[in-house]
Amino acid sequence: MENVNSNRVKQGVEKAPHRSLMKALGLIDEEIQRPLIGIANSFSELVPGHTHLSKLAQEVKKGVIMGGGTPLEFSTIAVCDGIAMNHEGMKYSLVSRELIADSVEIVAKAHGLDGLVLIPNCDKVVPGMLMAAARLDIPAIVVSGGPMLAGKVRGQSVDLSTVFEGVGAVKAGTMSEEELYELEEGACPSCGSCSGMFTANSMNCMTEALGMALPGNGTIPAVYSERLRLAKYSGIQIMDLVKKNITTSQILTDKAFENALVVDMALGCSTNTVLHLFAIAHEAGVDLDLDIVNNISERTPNLCRLRPAGDYHIEDLYEAGGIMAVMSELNKKNLLNLQAQTVSNRNIGEIIDGFKVMDHNIIASINRPYSETGGIAVLSGSLAPDGAVVKRAAVAEEMLIHRGPARVFDREEDAVDAILSGDIVKGQVLVIRYEGPKGGPGMREMLTPTSALAGMGLDRDVALITDGRFSGATKGASIGHVSPEAALGGTIALVEDGDEIYIDMIQGRLELLVDEEVLHKRKENWRPLEKNTRGYLAKYESIVTSASTGAICKP
């Protein structure tokens, strides 16, 4: 077996010092001679989605050894978005994606690794690792930590978003603090990524649709032993990829990204999937734009309504057949590229042939979908010339078209204070700006204000628009990624209290109903907000690009 990468660090007389250092690790000659497989493990005692990943890594290593390789584990960082939410910590969430990608690239290149098994789970870690795999173009496979089980409180299935909404309900006087404590105690009953179709689970499902993980990776619950077996099989499979030199560029093609977007629309994933798929595609040299997203959404039916769009959780999707069953259903109307290759060393068509939907209450029939169009929509217009994104599947029908007066806030915290104090009334359109990639910096998620609106019973009456982004747990008329952002002088920076805003999620429009001459005068007087950004955020601010391009970083 020819191991081009690791030979650079271990073959020949001149590499005797390198082999000596490997022996300091405890490796013997037989292990050094085998392919060196990096196990990128994002284990953390700070993140509930990652607290069990050390056990998963051990199973991966067993698989690598069975396949004839030498596993070598290293670590990456991870941020729990739920814990980071609604304070300065959320500025560091999206930016961690770049650090994760960079760190995996650095370790793999510096040590001449022949292949990678990537063990992520939460929001930015999955795309960060996939970005690195695309850059490196070596054999790689993803095995994630898996979803958390839903909680049970008073006979009802609950999750983290239920707790966030409970805060608003307490403020509205419709829930007691004792009842909220019950939710707090029971909503997150196990390790794993939060149990709805939130961003982490959305991206883990995307690993299957992209062909970068074995079937089941997106939906097998974190606490099931089946996930340990999946980890072992993934360790074995990376060795097959190495032997056959099947690299990421053969898998992360334009056809793979089209498949991922089709599945994204069918599932009703988080709006963040658009941001992350664009960033991964950029690293893979594949061109994506928002027009492609809308074109795919227009022809793809929405088949799933998982939390927050419905009452089901990821464990229910697992029982119904998982991602491959969804893809099998989509194939009934020829919506997929069946020849797209996967890490299984089989194409998508060959894999989905053995799957079928086990419960059409959870995965709707292609002939009776929840809607004829996809779960995500891209809006554009005078308020968002370069586009904005909304999780249409989680929007009440009466809010798909809405017109109302703006209430403008330059910080998320100020908007939350206004909501919880009862200062927001039905019909208004909240605008939260200067929270974009540069303006934040870091493009904070807005789960707290959207959950507060829902908890106070306003999610069917109030729209929220931001140049920041929304958690996948968000429901309601929540429109994010408005581009250009306020910090760059986009139209959103010129909105004033009382301005009329028109939203049409059916026709894809987002309009600020203010005369152009008035906007021109406002633009002349506009000055960006001053802020004192330091440390890594200052570096990130200087290189990050627009949300419309995936918030990729360019020096």
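Start at 1 with the first residue, then count along the sequence.
- A search for side chain to side chain contact (heavy atoms under 4.5 Å, CB included) contacts involving Ala134 returns Leu252, Glu283, Ala284, not counting sequence neighbours.
- By the side-chain hydrogen bond (donor to acceptor under 3.5 Å, both in side chains) test, Lys554 pairs with no residue at all, sequence neighbours left out.
- Thr450 meets the side chain to side chain contact (heavy atoms under 4.5 Å, CB included) test with Leu447, Leu464, Phe470, Thr474, Ser478; sequence neighbours excluded.
- Pairs engaging residues 235-261 under the ring-ring contact (aromatic ring centres under 6.0 Å, His included) rule: none recorded [sequence neighbours left out].
- A ring-ring contact (aromatic ring centres under 6.0 Å, His included) check over residues 323-367, counting only residues at least two apart or in different chains, returns nothing.
- Evaluation of the side-chain hydrogen bond (donor to acceptor under 3.5 Å, both in side chains) test over residues 68-85, restricted to residues two or more places apart or in two chains, returns Asn41-Glu73, Lys61-Glu73, Asp81-Ser93, Asp81-Lys124.
- In this structure, Thr342 has no side-chain hydrogen bond (donor to acceptor under 3.5 Å, both in side chains) partners at least two apart in sequence or on a different chain.
- Tyr224 pairs by the ring pair (Phe, Tyr, Trp, His ring centres under 6.0 Å) definition with Tyr318, not counting sequence neighbours.
- Ile77 pairs by the side chain to side chain contact (heavy atoms under 4.5 Å, CB included) definition with Ser96, Leu99, Ile100, not counting sequence neighbours.
- Not a single salt bridge (Lys or Arg N to Asp or Glu O under 4.0 Å) links Lys91 to another residue, sequence neighbours left out.
- Listed by chain and number, the residues in a side chain to side chain contact (heavy atoms under 4.5 Å, CB included) with Cys188 are Met148, Leu160 (sequence neighbours excluded).
- Applying the ring-ring contact (aromatic ring centres under 6.0 Å, His included) definition to pairs two or more places apart or across chains, none involves residues 26-85.
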